[in-house]
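To start, the structure under review is shown below, and the notes come after it.
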Amino acid sequence: MEEMSKSYDPQAVEPALIDKWLAEDAYKRRPGAGDCTVVIPPPNVTGMLHMGHALDDTIQDAIVRRARMQSKSTRWILGTDHAGIATQTKVDKKLKSEGVSRLEIGRDRFVDACWDWTHQYGGIIVDQIKRMGCSVDFSDPKFTMDPAYAKAVRKVFCDWYHDGLIYRGNRIVNWCPSCTTAISDDEAEYRDEPSHLWYLRYPLSEPVNGQSYVVVATTRPETMLGDTGVAVSPKDPEKQAFVGKTVVLPIVGREIPIFSDYHVDAGFGTGFVKVTPAHDPNDYAMGVTHNLPMINIFDEHAVVVEGYGRFSGMNRDEARKAIVEWFDENGLLDHIEDINHSVMHCYRCDSALEPWLSEQWFVAVDKLKGPATEAVTSGQVQFHPDRWRQTYLTWMDNLKDWCISRQLWWGHRIPVFYCDDCGWEDACEQDVDTCPKCGGHHVHQDENVLDTWFSSQLWTFATQGWPEHPEQMQGHHPTTCLVTARDIIALWVARMVMSSLYFTHEIPFHDVVIYPTILAKDGSRMSKSKGNGVDPMDLISMYGADAMRFGLLTLVTSNQDVRFDADIDKKTKKLLGSARTENAKAFVTKIWNASRFVLTNLDGYTPGAPQALTDADKWIFSRLAKLCAEVDHDLDEYLFADLARSLYTFFWNEFCDWYIECCKGALRGAEAGEGATDEAARARLQTQRNLVFVLDTALRLLHPAMPFVTEAIWERLPLTPEQRQTASGEANDLLMLAAWPDASKLAPMVDERAEHSFDLLCAIVGRTRSVRARYALSPRQELAVAVSASAQDAESVEQLREQIVEMGRLSSLTVGVDLPKPAGSVSSLDESLKVYVELSGLVDFDKELARTRKLLEKAQRELESVDKVLSNQGFLAKATPEVIADKKEKRASIAESIELMNAQIADFS
RNA sequence: GGGCGAUUGGCUCAGGGGCAGAGCACUUCCUUCACACGGAAGGGGUCGCUGGUUCAAAUCCAGCAUCGCCCACCA
């Protein structure tokens, strides 16, 4: 076995292990007892891995790695999303930089360019996922535009179309004039912008109550060209006289009616609202109710269409300026107010969206939302943390029909075919070129493509052979869990539940794990434009993948967002470091070094079962058994911060700080050469076996969080082939496939008595260290210690005598029941022991005297406060017996401590 | 407007009726043969504010303040 290098270099070890795992086919889907199926939330092909992905994938890997070690049937499906708008935007930009527009090259060549882009960049994120150590099935990646996937998408569309769930309609949609596509409500972003409220005068056809005009307030003066009415509130008595009258629309000269509608808020503006049904969702609703004409004044680029004189051909901003000027010049501009106006923006290109009347495809949701609600209220689908259930249910409750058409070229084209000759129309799973009705050949397909979420909603089953090979889903659907971010609970999670229930009659997953959003250190969202984003690959190159993963897991609490502590150079935007990840890196190094210590102390080792020789062994076994149960619990409940904390505390603060130190004596014992006895040699061997056992088990438990360093060490452990077997008993030499520790088998090792004994050791050793530090004694200064204890505790201390003397650097250790205070000793109460450290001649007792008096005062104050509680009748009557007993015990301990201090003061005075 | 979260040491965060915690940073000591990416010992907090419930509140409840997120609306 290769020697362990003095320092651990993740940059060398990690890539080599990835190659090894892949070469040995360890990532492949595995048969087994029990199932663990996870689909990776498909990142956009255009993307680079960001912190959200890194966290998402780390969580999934931890889940999958444990399941694999348990020899469950694991299937972790990899894939990417074609991301319609995102990809089209990038390809558009690329073409533009080459001096071509997509309109010039046409649809087919543009789609080819998108495929080229996909092939060129789709692999980047997959490589990054691989570098993180994610044990996803790289051999069978999915893509939402794969031919098989496309078939699934098409079947879903056709079935819903024929079942009457998909329909076409004229609707106001959020139109992006730059992407020239409809954007769903969920994809639009509101942003407050300083703007104005323009008060415009609309002349009445005939005066009303002596008034010759009404004043309307608008933030969009340019849309007045399309006005077909003026509305007032039915609750506004003063305005009722105007209802039924008409105004003459300036510029256009159209006579339009004044009517009353509940949409109008009498208190806003003047109480008169201009109504533009083709360019505002509310006005559209009023237009439908009142049968108003819907006049579209903009083309797809938000440029004023023909027929409006000099205003035609102007874009929105030009038209606004020109129209306001016109009103001003003609004395119809009443006044202008400043206002903060929230404007919808395209979440991709950030252009202001235009409410625009157009023909779109919709999914009717009334039949889908009931079952999808039921799946969650019944607990079949569970959210972790549970509170996200409410987000899901609220959204489901308010759900409106879903606009699924997008005016893009990149995506699944809507499979509806039209016959130009006879007007036939149908959704078809196969392309059609001859009309089945009239036999004509003038058949064309709908130009629109589907919303990206329409295809990704099928992700759990379309990636598993549905609909052509349903047997592939057998035993792997519903999937185990979906790990994702909270901002797509509605966009994606909810839609997966709806479509899965409809088409597979199953929920898509049992558990939905929502992790906190990672914010920058200042609490703002990480974003490219702000330059405050952290690239996970930078973290990996600075600290290694294990450290990044572990650091990320410590962040996964039930919070809804967390700040990542990375410092970024403001000028260069370079990552300077992250304390959290740095600490995780130190932990990786600690694991390496502790293991190196164990492995370099194995001379004469032969494998054998662990067996406790001392309370120290019993203690660490007990702690290990508890850790194992804790780790299982944390993974079962998706409590990753707790998982990381448990592992860290056990390995560093218990195993390294105390147990290994405790073992050093026994390991050295037999090295004394000729003097070594058989007994010392036996103790040494058993200590080695115990160390290997604890280390081996700990590495297995650490593996899902930190796969690399644990695998690198484990291959060097002197284990038998049986010990290396998989959980199902197959031969194996990878930790990744080795059997997961069985908590129920370790449970008998829990030993509360031994844990108490070991606490006594820590107390005595800790006290001597503390005394040395206080009096600036050399760490090498040996001290004589006396301990007064109960009979049982005295026995425990005797049991650990060797370890205490060694670790505490004692010249002598006297143990007894009711032992008197040795002269010249400093005393203290630690745990249930009175510890006397003899310091005659070593220190200045005046100093100690002053310190003791101060402590005594504090203890007396404490005693008073405890006595106050204990004399409180309410407390005695209502507190639980345990709490009262604890309090009494505390009082006794303070009293004892005071007694000790008094004795000490008497001694030193 | 509706909902949710946060507010605990200088920083990033745990905890969740009965002794206030971790990591980083800070102070002192230690290069002793696993580890200075280390060890040991320390200092540092009125748990956002105001009330209430309770024998007991950092923890539960109400209100307030600040920060943030989601949903809806915005002529």
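Here the structure is a predicted model, which is why all the values come from computation and not from measurement.
A65(B) is paired with U7(B) under the Watson-Crick or G-U wobble criterion, all donor-acceptor distances under 3.5 Å. Under the Watson-Crick or G-U wobble criterion, with both distances below 3.5 Å, G1(B) is paired with C71(B). Pair check for A58(B) finds none; no Watson-Crick or G-U wobble contact set falls under 3.5 Å. Across all strands shown, A22(B) pairs with U12(B); the Watson-Crick or G-U wobble distances both stay below 3.5 Å. Applying the Watson-Crick and G-U wobble criteria (two distances, each under 3.5 Å), U27(B) pairs with A41(B).
The nucleotide whose nearest atom lies closest to any side-chain atom of R580(A) is, among G23(B), C13(B), A34(B), C13(B). Relative to the side chain of R525(A), the nucleotides G39(B), U12(B), C70(B) differ in distance, and C70(B) lies closest. When each of U12(B), C35(B), C37(B) is scored by its nearest atom to the side-chain atoms of D565(A), the top-ranked nucleotide is U12(B). For K521(A), the listed nucleotide lying nearest its side chain is C11(B); candidates were C37(B), G23(B), C11(B). Of the candidates C37(B), C69(B), C13(B), the closest approach to any side-chain atom of V562(A) belongs to C13(B). Out of C73(B), C13(B), A34(B), the shortest distance to the side chain of K664(A) is found at A34(B). The side chain of A594(A) has A34(B) as its nearest neighbour among C11(B), A6(B), A34(B). Across C13(B), G42(B), A34(B), the shortest atom-to-atom separation from the side chain of N593(A) is found for A34(B).
Spacing between G10(B) and G45(B) at atom C1', rounded to whole Å, works out to 11 Å. Between G3(B) and A62(B), the two P atoms lie 12 Å apart (nearest whole Å). Taking atom P on both nucleotides, G52(B) is separated from A22(B) by 34 Å, rounded to a whole Å. The separation of G48(B) from A36(B), taken at their C1' atoms, amounts to 40 Å, rounded to a whole angstrom. Look at the P atom in both U59(B) and U46(B): the space between them is 16 Å, to the nearest Å. Straight-line distance between the C1' atoms of G23(B) and A14(B): roughly 10 Å, to the nearest whole Å. Using atom C1' as the reference point in both U32(B) and A40(B), the two lie 12 Å apart (nearest Å). G43(B) and G2(B) have their C1' atoms separated by 47 Å, with the value rounded to a whole Å.
Taking only side-chain nitrogens and oxygens, W652(A) comes nearer than 4.0 Å to OP1 or OP2 of G39(B). The phosphate of G39(B) (OP1 or OP2) has a side-chain N or O of K590(A) nearer than 4.0 angstrom. OP1 or OP2 of U12(B) sits under 4.0 Å from a side-chain N or O of R563(A). Residue N653(A) places no side-chain N or O under 4.0 Å from the OP1 or OP2 atom of A22(B). Within the 4.0 Å cut-off from OP1 or OP2 of A14(B), at least one side-chain nitrogen or oxygen of T557(A) is found. The phosphate of U12(B) has neither OP1 nor OP2 within less than 4.0 Å of any side-chain N or O from S578(A).
Side-chain contact of R596(A) with N593(A): a donor-acceptor pair under 3.5 Å is present, judged by distance alone. At a cut-off of 3.5 Å, with distance as the only test, no side-chain donor of Y659(A) or E654(A) sits close to an acceptor on the other residue. Residues R486(A) and T517(A) have side chains that bring a donor and an acceptor to within less than 3.5 angstrom of each other.
In this structure a side-chain-to-backbone donor-acceptor pair under 3.5 Å is present from D565(A) to R580(A).
For the pair K239(A) and F272(A), the cation sits on the ring face: its NZ or CZ lies under 6.0 Å from the ring centre, inside 45° of the axis. Annotation: cation-pi geometry not satisfied between K590(A) and Y648(A) (NZ/CZ under 6.0 angstrom from ring centroid, within 45° of ring axis).
Taking 3.5 Å as the limit, the base of A34(B) and the side chain of E661(A) contain a donor-acceptor pair of atoms between them. Not a single donor-acceptor contact under 3.5 angstrom links the side-chain atoms of K887(A) to the base of A56(B). Donor-acceptor pairing under 3.5 Å, judged by distance alone, is present between the side chain of K890(A) and the base of C19(B).
Annotated as anti: C64(B), whose glycosidic dihedral deviates from 0 by more than 90°.
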